[in-house]
Amino acid sequence: MDKKEIAKVLEEIADLLELKGENPFKVRAYRTASRSLLNFEGNFKKLVEEEKLDELEGVGEHIAEKITELFETGKLAYYEKLKKSTPPGMLQMIQVHGLGPKKVKALHKKKIRSIEELKTAAEKGKVAKIRGFGKKSAQNILDSLAHREAYQKRTLWWDAMTIAEPILEGLKKLKGVQKAEIAGSLRRKLETVGDLDFLVAASNPKPIMKWFTSLPGIQRVLASGETKSSVKLEGGIQADLRVVKESEFGYALCYFTGSKEHNIKLRDRALSCGWSLSEYGLAGARKTKKAATEEDLYKILGFSYIEPELREDRGELQAAEKKKLPHLIEVKDIRGTLHNHTTSSDGKSTLREMAAAAKKMGWEYLGISDHSKSSFQANGMDEKRLLAQVEEIRKLNASKSLGIYLFSGLECDILADGKLDFPKKILDHLDYVIGSVHASLTQNEKAMTRRIIKAVENPSLTILGHLTGRLLLRREPSRVDAQKVIDACIANNKIIELNGHPLRLDMDWRLWHKASEKGLLCCINTDAHHADNHQFILSGVNAARKGWLEKSQVINTVSLKEMQKLLKSRKN
DNA sequence: GCCGTTTTCGGCCCGACTGTTTTCAGTCG
C-alpha cells in the first residue's frame with residue numbers, strides 16, 4: 001500500500017473510533033498521523049524500511065507499527081476488526097454535513113443504518129421524531145444528502161478566486177466596513193480550496209451579516225450569527241464570513257488564514273512567552289504588546305513577517321526566527337514566458353495575437369512552443385510546419401513590428417521510450433526545447449522515471465515540461481520518482497518548468513524549496529492556449545512563492561539579452 | 001495514541017452556532 005492509501009486507512013480508523021465513542025484525543029492522534037503522512041515528501045519506502053516512521057510528527061510507536069503492517073502486507077488486522085464491529089452505513093452517514101458520531105449512533109439505534117435508509121426516514125418524518133433531532137435537522141439532512149457530492153468537492157484556486165473577488169469588493173463597499181480581506185487557504189494560494197473565507201472589521205456586524213447571507217446565488221444558509229455566517233453558494237462551495245472589531249483584525253486575519261499547523265506553532269510560541277494567542281488577541285501580554293497588524297504580531301512573537309503563501313508549517317517559522325526567509329518572487333519580476341501555443345497546434349490564438357497580448361503584459365519576450373507531431377490529438381506539427389514557424393518567427397523578429405521578441409521553441413513529446421519526437425538536426429533549428437510527456441501516462445514509476453531521465457540526458461532538451469501531467473481534481477499525477485528526476489536535471493544542467501496553468505501547477509510547489517536549494521532552476525510558464533491565458537502567470541507565481549522561490553531561481557525573470565545568452569549557452 | 005527545558009503521567013484549542021430542550025449537547029472549523 002502506498003502513502004496515500006495508508007493515510008486514508010488511518011483517517012477511516014479515526015472515523016471508526018469516533019463512532020465507537022473512543023477517547024477523542026486518540027481519534028485526533030490518528031487524524032494527525034494521517035495528515036503528517038500526506039505531508040511527508042521524502043522517500044517513504046526508505047522511511048518504513050529503516051524504521052524511522054516515528055520521526056514523523058504525530059506518529060509514535062503504535063501507529064508506526066500499523067503503518068508498517070499496511071505498507072508490507074496491504075492489510076491491518078486492527079482495522080479489519082474495527083470495520084467488522086461497525087456497520088458500513090455508519091461510516092457513510094458520518095460524512096453527511098451536520099451528522100457527527102453521536103447523531104449517527106442515535107440514528108443507528110433507531111435502525112437507520114445506511115444513507116438510503118436515512119433519506120427515506122427523513123422524508124417520512126421518522127428522523128424528526130428521534131430524540132435530539134427535529135424538523136429542521138431532518139430537512140438539513142435532506143439538503144445535505146441532495147448536494148452531497150457538490151458539497152464535498154474542492155475548487156481550483158483560480159475558479160474560487162473569480163467567485164471570491166466580487167464578494168470581497170462588495171464587502172469593502174458596505175457602510176461601516178473598516179477592513180475586509182480574504183483569508184484561509186484562498187489567501188495562502190493553495191492550488192485547490194475547500195471553502196471561501198472572508199474577514200471583516202466593523203463595529204456593527206448585523207447589516208454586514210445580512211448582506212452576506214442574502215447574496216445572490218446562495219443555495220443555503222448554514223449558519224448566521226452575531227459574528228459568524230456560513231453559506232453554500234450555487235455549485236456547492238461554502239463561504240464563511242467572520243466579523244471582528246478593528247482592534248482584533250490583525251490577530252483574526254492571522255488566525256483565519258492558517259494553516260492550522262502554522263497556527264498551532266504560533267500559539268506554542270505565545271505560550272512559551274507566557275501569553276495566550278487567539279483570534280481576538282494576545283492575552284497576558286503587556287499593554288505595549290498590543291498588535292494591530294499581522295506584521296506586528298509576528299514581530300512580537302520574535303519572527304519576521306511570514307507571507308501567507310509560506311504558512312504551511314514547512315520550516316517557515318524556524319526560518320523567520322533566524323531572519324532567513326526567502327525574498328519571494330513577484331509577478332512583476334517576470335519578463336516573459338516560454339511555454340505557449342498558437343493556432344499552429346492546438347492554441348486558439350494566432351502567433352501575432354499571442355505576441356500582442358504578451359506585450360500588453362509588459363513582457364520583453366515570448367517563447368512559442370507548439371506541440372510536436374506525436375501529439376496528434378493536439379494537432380502537433382510535423383517537421384515542415386515546425387520549420388515554417390521558425391522562419392515566420394525569424395522574419396517577425398527582423399521586422400521589429402511586434403514590439404516584443406519571440407523565441408522559437410517547441411513542446412516536444414517525450415515518447416514512451418524516452419526519445420524525443422524529433423531528431424537533433426531538426427531541434428537544432430530552435431532556440432530551446434521543452435520536453436513533455438503526453439502519452440503512455442500510466443507507465444509504472446520505474447519506467448516513467450527512466451523515460452524522463454533519458455529525455456533529460458538528451459542534449460537537445462532545455463526544459464522539462466509539466467513533470468507529472470496531473471490535472472488538478474481531474475487526473476492523477478503520473479507515477480514518477482521526482483527526486484531522481486530533479487537530481488538528473490541538476491546533473492545535466494536542465495531547467496524544470498513550473499507550469500502555472502491553474503489546472504496543472506506542475507511540478508508541485510512542495511518539491512521546489514528543496515530542489516532549488518540543491519541548485520535546480522525554474523521556468524514559470526502559463527501553458528497558454530489563448531492570448532488571455534497569459535494571466536495564468538499569477539497562479540504560476542503563486543505556486544512558486546509557495547515553493548519558497550526567489551527571483552534569482554526563476555530564469556524568466558532575466559532581461560531579453562540575458563535570456564538570449566542563457567538559451568544559447570544551454571544549446572551547446 | 002502522542003508527547004515531554006515539568007522524562008512516564010496528565011494534558012491534548014476552543015469559541016461560535018444550531019436546534020433542540022428548557023439549560024445545553026453536538027457539530028464545525
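In this text the structure is predicted, and so the values were computed from the model without any measurement. Below, chains carry the letters A, B, ... as their sequence lines are ordered, and counting in each starts from 1.
- Pro101(A) comes within contact range of the sugar-phosphate backbone alone, with a heavy-atom separation under 4.0 Å but no base atom that close.
- Among the atoms of the strands shown, only primed sugar atoms or phosphate atoms (P, OP1, OP2) are found under 4.0 Å from some heavy atom of Thr227(A).
- When the nucleotides dG29(B), dG19(B), dC17(B) are ranked by their closest atom to the side chain of Glu226(A), dC17(B) comes out on top.
- Using a 4.0 Å heavy-atom criterion, one finds that Phe256(A) contacts no nucleic acid atom at all.
- One can place CZ of Phe198(A) at 16 Å from P of dG29(B), the figure rounded to the nearest angstrom.
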What pairs of donor and acceptor atoms, side-chain ones from residues 297-305 of chain A against any protein atom, are under 3.5 angstrom apart with sequence neighbours left out?
residue, atom, partner, partner atom, Å
Tyr298(A), OH, His262(A), NE2, 2.8
Tyr298(A), OH, Arg311(A), NE, 3.1
Ser304(A), OG, Ala320(A), O, 3.2
Tyr305(A), OH, Glu294(A), OE1, 3.4
Tyr305(A), OH, Arg311(A), NH2, 3.4

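- With sequence neighbours excluded, no residue satisfies side chain to side chain donor-acceptor pair (under 3.5 Å) with Lys484(A).
- Although no hydrogens or angles enter the test, the distance criterion places a donor-acceptor pair under 3.5 Å between the side chain of Asp506(A) and the main chain of Thr468(A).
- Look at His62(A) and you'll find a side-chain N or O under 4.0 angstrom from OP1 or OP2 of dC2(B).
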Output a table of donor-acceptor pairs, distance under 3.5 Å, between side-chain atoms of residues 535-550 of chain A and any protein atom two or more places apart or on a different chain; print 'none' if there are none.
residue, atom, partner, partner atom, Å
Ser539(A), OG, Gly500(A), O, 2.3
Ser539(A), OG, Phe536(A), O, 3.4
Asn542(A), ND2, Leu538(A), O, 3.4
Arg545(A), NE, Glu309(A), OE2, 2.6
Arg545(A), NH1, Ile329(A), O, 2.9
Arg545(A), NH2, Glu309(A), OE2, 3.4
Lys546(A), NZ, Arg188(A), O, 2.7
Lys546(A), NZ, Glu309(A), O, 2.9
Lys546(A), NZ, Glu312(A), OE2, 2.7
Glu550(A), OE2, His327(A), N, 2.9

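- Here the separation of dC9(B) from dC14(B), taken at their P atoms, is 25 Å to the nearest Å.
- Distance alone, capped at 3.5 Å, is enough to place a donor-acceptor pair between the Ser144(A) side chain and the Asn140(A) backbone.
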Check the interface with nucleotides 8-12 of chain B: list each N/O to N/O pair with the protein under 3.5 Å, or write none.
residue, atom, partner, partner atom, Å
dC12(B), O3', Arg28(A), NH1, 3.4

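- Ser36(A) meets the side chain to side chain donor-acceptor pair (under 3.5 Å) test with no other residue; sequence neighbours excluded.
- Rounded to a whole angstrom, the distance from the P atom of dT6(B) to that of dC2(B) is 23 Å.
- Comparing dC28(B) with dT22(B), their C1' atoms are spaced 24 Å from each other, to the whole Å.
- Pair assignment for dA16(B) gives dT27(B), based on Watson-Crick or G-U wobble hydrogen-bonding distances that are each under 3.5 Å.
- The backbone N or O of Asp313(A) lies less than 3.5 Å from a partner atom in the side chain of Glu316(A), making a donor-acceptor pair.
- Side-chain atoms of Glu5(A) come within 3.5 Å of backbone N or O of Asp2(A) as a donor-acceptor pair.
- Residues forming a side chain to side chain donor-acceptor pair (under 3.5 Å) with Lys26(A) (at least two apart in sequence, or on another chain): Glu22(A).
- Between Asp195(A) atom CG and dC28(B) atom P there is a gap of 14 Å when expressed in whole angstrom units.
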Generate the contact string for nucleotides 20-25 of chain B. Rules: B means base contact, S means sugar-phosphate contact only, - means no protein heavy atom under 4.0 Å. S-----
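- Counting only distance, with no hydrogens or angles, the side chain of Ser34(A) and the backbone of Ala7(A) share a donor-acceptor pair below 3.5 Å.
- Under the 6.0 Å distance and 45° angle rule, Lys66(A) counts as a cation-pi partner of Tyr78(A).
- Looking at every heavy atom in both residues, Val9(A) comes nearest to Leu70(A) through CG1-CD1, 3.9 Å.
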Check the interface with nucleotides 3-5 of chain B: list each N/O to N/O pair with the protein under 3.5 Å, or write none.
residue, atom, partner, partner atom, Å
dC3(B), OP1, Gly58(A), N, 3.0

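- For the pair Glu69(A) (side chain) and Ala77(A) (backbone), a donor-acceptor distance under 3.5 Å is present.
- Nucleotides dG11(B) and dT7(B) have their P atoms positioned 15 Å apart, rounded to a whole Å.
- Interface residues of residues 147-167 of chain A facing DNA chain B, ordered by number: none; criterion, heavy-atom separation under 4.0 Å.
- Ion pairing of Asp195(A) with Lys232(A) is absent here, as no side-chain N (NZ or NE/NH1/NH2) approaches a carboxylate O to less than 4.0 Å.
- Within the structure, a side-chain polar atom (N or O) of Tyr280(A) is placed less than 4.0 Å from OP1 or OP2 of dA16(B).
- Not counting sequence neighbours, the partners of Lys45(A) by the salt bridge (charged side-chain N to carboxylate O under 4.0 Å, His left out) test are Glu49(A).
- For the pair Ile141(A) CD1 and dT27(B) P, the interatomic distance rounds to 10 Å; values are reported in whole Å.
- Residues of residues 228-244 of chain A having a heavy atom closer than 4.0 Å to DNA chain B, listed by number: Lys228(A), Gln238(A), Arg242(A).
- Nucleic acid contact for Leu99(A): sugar-phosphate only, since backbone atoms but no base atoms lie under 4.0 Å from a heavy atom of the residue.
- Arg470(A) places no side-chain N or O within donor-acceptor distance of the main-chain N or O of Arg475(A), the cut-off being under 3.5 Å.
- Residue contacts for Lys105(A): at a heavy-atom cut-off of 4.0 Å it reaches no nucleic acid atom on any strand shown.
- In this structure, Asn140(A) atom CG and dC17(B) atom C1' are separated by 12 Å, rounded to whole Å.
- Following rounding to the nearest Å, Leu19(A) (CG) and dT27(B) (C1') show an atom-to-atom distance of 14 Å.
- Regarding Gln139(A), its CD atom lies at a distance of 17 Å from the P atom of dT18(B), rounded to whole Å.
- The stretch residues 88-103 of chain A participates, sequence neighbours left out, in no salt bridge (Lys or Arg N to Asp or Glu O under 4.0 Å) pair at all.
- On the P atoms, dT8(B) is 14 Å away from dG4(B), given to the nearest whole Å.
- Atom-to-atom, NZ of Lys103(A) to C1' of dG19(B) comes out at 7 Å; the value is rounded to the nearest Å.
- Candidate nucleotides dT27(B), dG15(B), dT18(B) were compared by shortest atom distance to the side chain of Ser224(A), and dT18(B) ranks first.
- The same atom, C1', is picked in dT21(B) and in dC17(B); the two are 16 Å apart, to the nearest Å.
- Atom pair Arg220(A):CZ and dC28(B):C1' shows a separation of 13 Å (rounding to whole Å applied).
- For Ser516(A) (side chain) and His513(A) (main-chain N/O), a donor-acceptor pair under 3.5 Å exists by modelled atom type.
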